[in-house]
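Read the structure below first, then the notes.
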Amino acid sequence: MDPQYNPKETEDKIYNFWEEGGYFKPCQQESGKAKKTVKNYSVAIPPPNITGSLHMGHALNNTIQDILVRSKRMQGYNTVWVPGIDHAGISMQNVVEKELRKQDLSRYALGREKFLEKCWEWKEQYGNLILSQIKTLGCSCDWSRTRFTMDDNYTLAVQTAFKDYYDKKLVYRGKRVINWCPRCATSISDLEVEHEEEKGKLWFIKYPLNKNNTEFITVATTRPETMLGDVAVAVNPKDKRYKDLVGKKAILPLVGREIPIIADDLIDKEFGTGAVKVTPAHDLTDYAIGNRHKLEMVEAIGPDGKMTKNVPPAYQGFKITQAREKILEDLKNLDLLEKTEDYTHQVPHCERCHAAIELLPSEQWFLKMKGLAKKAADAVRNKKVKFHPKNWEKTYLAWLDNIQDWCLSRQLWWGHQMPVWECQTTHEWFAFIGKPENCPKCKKCAPVQSQDVFDTWFSSALWPFAIFGWPQKTEDFKNFYPTNTLSTARDIINLWVARMVYSGMEFTGKLPFKDVIIHATILNKEGKRMSKSLGTGVDPLVLINQYGTDATRMGLIWQVVDQQDVKFSEDAIIAGKKFCNKLWNASRFVMLGLNEGQIVDISSRPKAMTPEDKQILSQFDLISANTTQSIEKYEFGKAIRELYEFFWHEYCDIYIEKSKAQLQDEKQKENTQKILLYVLTNTLALFHPFIPFVTEAIYQLLPIAPKSKALIIHNWPMPDKKYGTKRK
RNA sequence: GGACGAUUAGCUCAGCUGGUCAGAGCGCAUCAUUUACACUGAUGAGGUCGCAGGUUCGAACCCUGCAUCGUCCACCA
């Protein structure tokens with residue numbers, strides 16, 4: 001053995017050894033005692049985006065899952081961890097579009113079919129990159145079960161799920177005001193909208209009350225261009241200033257339309273002038289007001305981000321910014337612009353391409369959410385699904401309790417095309433999986449399938465059972481669904497976790513998992529979120545390359561206590577590296593003390609001959625109990641800190657030092673060796689889920705009996721009640 | 001605007017339901033090297049636990065207010 005542990009030389013070799021040995025597949029534990037009832041333990045990886053590259057969040061999250069899976073595997077569970085990747089609809093489409101733009105091409109120039117070919121090429125080329133990075137992290141996923149959200153069977157799952165909702169009449173098609181990204185040319189969900197603070201203006205515009213322009217009501221707006229779609233002016237019913245005006249008419253400047261002045265509680269008396277222009281087509285508050293007062297919708301802005309034919313000819317076809325300028329100029333010329341104030345407000349942007357979002361009415365497919373949301377909320381309220389830490393339940397419930405219907409359709413190209421068809425005779429829509437031979441509506445036409453694709457999250461919501469073959473009744477589905485623990489990031493609690501919960505209940509009748517770990521967010525030194533676009537991230541692969549995988553995993557876990565967010569510090573990784581070396585050298589010392597060819601029997605707990613013997617053995621019992629319990633409670637940081645303390649300061653600093661004398665004493669020599677190896681081997685086992693490579697590398701060298709083929713399937717040193725398992 | 005969280009040694013953070021709770025890692029200082037490990041060992045320096053009140057025999061820990069920072073959520077024109 002070298003006096004220094006070299007992760008680079010070791011890790012690839014060990015990983016290949018595990019993979020070739022088939023240890024990542026179920027039914028691997030070499031349990032001495034054949035257990036009659038083998039329990040299953042399964043984890044579904046949160047599938048990273050196809051466009052992604054491993055970042056700190058992934059590194060932490062996948063380490064957590066690996067700790068769970070490895071410890072359960074060693075504890076004798078029939079364990080499987082299913083890896084995979086997500087096609088990431090809008091995100092992937094944007095990446096490929098960006099590539100095209102470099103060649104001065106657009107997706108429209110290419111056409112849908114060619115564009116999709118490009119996407120698949122991209123998938124083949126880069127889709128496995130992140131999976132190989134997850135391997136570098138040492139994750140013990142069953143790669144033979146790798147899934148992609150656009151695999152044939154997965155597509156079938158998506159279609160089956162939709163058809164099921166459709167048949168239950170939970171799906172409808174309707175024209176609603178939705179978030180529209182003019183650049184991506186698609187609807188997007190509220191959860192895909194980012195609000196960015198922008199310095200803008202608040203314009204005060206006078207709306208005449210009569211044709212002689214003698215009296216006015218002044219409204220304040222940040223978006224004057226939408227006034228061309230105004231259908232009312234609203235005030236608060238309690239506002240005395242406007243009491244006499246309610247029920248009267250105002251004249252919409254530039255358009256000349258007479259619009260009513262109405263009263264609605266949603267209006268804040270304090271803001272602006274207390275009078276608001278109402279544009280139901282382009283604002284959600286106004287849409288709500290419009291519905292309540294049965295106002296019509298005038299679409300002033302089209303899906304292309306230009307003014308429509310519904311506005312006066314002078315503005316038609318203008319882009320939003322041009323229209324705004326011209327409208328303000330015209331108002332000024334008419335002396336209808338009272339004043340302008342600076343105003344900072346939150347402007348919605350597309351999360352993926354950062355273009356400003358337009359709100360506009362659009363024909364889309366929606367999923368009725370109320371009943372589904374209630375089921376998902378109840379599952380958590382009734383403690384059938386538990387969050388760790390618990391306070392994230394609030395985030396989850398708050399969203400579900402205020403749920404809006406889910407706009408399922410996207411006008412993208414990359415994704416699952418929706419299995420909805422339009423009868424060419426009656427123009428009715430129907431759901432159909434596959435290609436309908438005869439139109440079920442008119443019996444004679446050839447129906448045309450919608451060009452829309454599903455929101456990416458519709459397919460992600462099926463992940464925990466679709467990966468096991470659902471809707472087919474496969475062996476894997478029977479064995480491994482539902483999964484046990486889901487570990488993920490907080491920002492997708494609503495986007496993903498909630499949707500998996502009700503999807504699972506709806507389609508399988510079972511909750512997809514029992515425990516949800518919401519892991520810490522790794523922040524940078526300034527306490528800000530690590531962001532690739534801002535270049536404030538730390539690349540875990542760089543750390544792995546520099547310090548080794550075990551050190552990186554250990555350093556990460558070390559810093560995360562109680563899921564509290566952590567400002568990342570490389571020092572912890574350095575400590576991890578030093579520790580791996582310590583482990584290596586302590587093992588080296590233990591082995592150097594043995595004779596050539598000597599095998600130490602560690603089949604039973606050695607006897608204690610000295611006070612130090614007694615102490616190390618009882619401390620080992622304690623640490624094995626504590627580690628087991630900490631993992632059970634998802635307190636990984638605590639587990640690794642306690643293990644570290646035990647190994648370095650109890651085993652090395654005290655026992656090994658003492659053993660040097662005991663090994664000189666012929667009467668004690670053999671027993672001391674036994675204790676050294678017994679405690680070392682079992683401590684390596686406790687450490688293995690956290691730092692798998694170095695522990696396996698050492699284990700392979702240990703001259704012990706009995707010995708498993710690999711530490712990864714070695715029996716977990718379950719705490720023995722006989723020796724006390726009280727926590728410190 | 002709402003919810004939640006943070007503020008403890010130079011840096012990154014532990015400190016569970018109030019009484020050996022003033023700690024760890026990294027860094028720093030001094031000493032040790034024919035010793036498994038210098039990616040080491042021993043010893044040590046360093047903090048009135050954000051600020052101001054309050055509860056208590058006793059508070060880093062509980063309560064109130066304030067300040068600063070952060071994350072998520074949110075249709076205020």
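All values below were derived from every heavy atom in this structure, side-chain atoms included, with hydrogens, water molecules and symmetry-related copies excluded. Below, chain A is the first sequence line, B the second, and so on; all start at residue 1.
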- Can you run through RNA chain B from 5' to 3' and write each base as (, ), [, ], | or . depending on how it pairs? Watson-Crick or G-U wobble, both distances under 3.5 Å. (((((((..((((.....[...)))).(((((.......))))).....(((((..]....))))))))))))....
Check side-chain contact (heavy atoms from CB on, under 4.5 Å) between [X] and all other residues, then give those that pass, not counting sequence neighbours.
X: A:Ala572; result: A:Trp558, A:Gln559
X: A:Thr273; result: A:Phe204, A:Thr218, A:Tyr242, A:Ala275
X: A:Lys374; result: A:Asp378
X: A:Ile574; result: A:Tyr547, A:Asp571, A:Lys578

- Respond yes when some side-chain nitrogen or oxygen of A:Lys638 is under 4.0 Å from OP1 or OP2 of B:rC13, and no when none is.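 The answer is no; no side-chain N or O of A:Lys638 sits under 4.0 Å from OP1 or OP2.
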Do the side chain of [X] and the base of [N] come within less than 3.5 angstrom through a donor-acceptor pair of N or O atoms?
X: A:Glu657; N: B:rA36; value: yes
X: A:Gln559; N: B:rC13; value: no
X: A:Lys577; N: B:rC39; value: yes

Do any N or O atoms of the protein come closer than 3.5 Å to N or O atoms of nucleotides 75-77 of chain B, and which pairs are they?
from, atom 1, to, atom 2, distance (Å)
B:rC75, O2, A:Thr285, OG1, 2.1
B:rC76, N3, A:Asp268, OD2, 3.1
B:rA77, OP2, A:Tyr343, OH, 3.0
B:rA77, O2', A:Ala220, O, 3.1
B:rA77, N6, A:Asp268, O, 2.6
B:rA77, N6, A:Phe271, O, 3.4
B:rA77, N1, A:Asp268, N, 3.2

So [X], base contact, sugar-phosphate only, or nothing? Heavy-atom distance under 4.0 Å.
X: A:Tyr5; value: nothing
X: A:Ala586; value: base
X: A:Val566; value: sugar-phosphate

- Query: Parallel under 30°, tilted from 30 to 60°, perpendicular over 60°: which one fits the rings of A:Tyr644 and A:Phe579?
  - Reply: tilted
According to salt bridge (Lys or Arg N to Asp or Glu O under 4.0 Å), does anything in [range] pair up with another residue at least two apart or in another chain? List the pairs.
range: residues 586-596 of chain A; answer: none
range: residues 390-404 of chain A; answer: A:Arg381-A:Asp401, A:Lys390-A:Glu393
range: residues 546-556 of chain A; answer: A:Asp66-A:Arg553

- For A:Tyr644 and B:rC39, what is the distance between atoms OH and P respectively, to the nearest whole Å?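 Going from A:Tyr644 (OH) to B:rC39 (P), I get 14 Å.
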- Message: Using whole Å, what does the distance between atom P of nucleotide B:rA3 and atom CG of A:Asp565 come to?
- Response: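 Checked: the CG to P distance equals 19 Å.
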Listing time: all N or O pairs from protein to nucleotides 29-34 of chain B that are below 3.5 Å?
none

For nucleotides 41-45 of chain B, print each protein N/O atom paired with a nucleotide N/O atom at under 3.5 Å, atom names and distance only.
from, atom 1, to, atom 2, distance (Å)
B:rG41, OP1, A:Trp648, NE1, 2.3

- Item | Residues touching RNA chain B, which here means a heavy atom under 4.0 Å, drawn from residues 670-679 of chain A | none
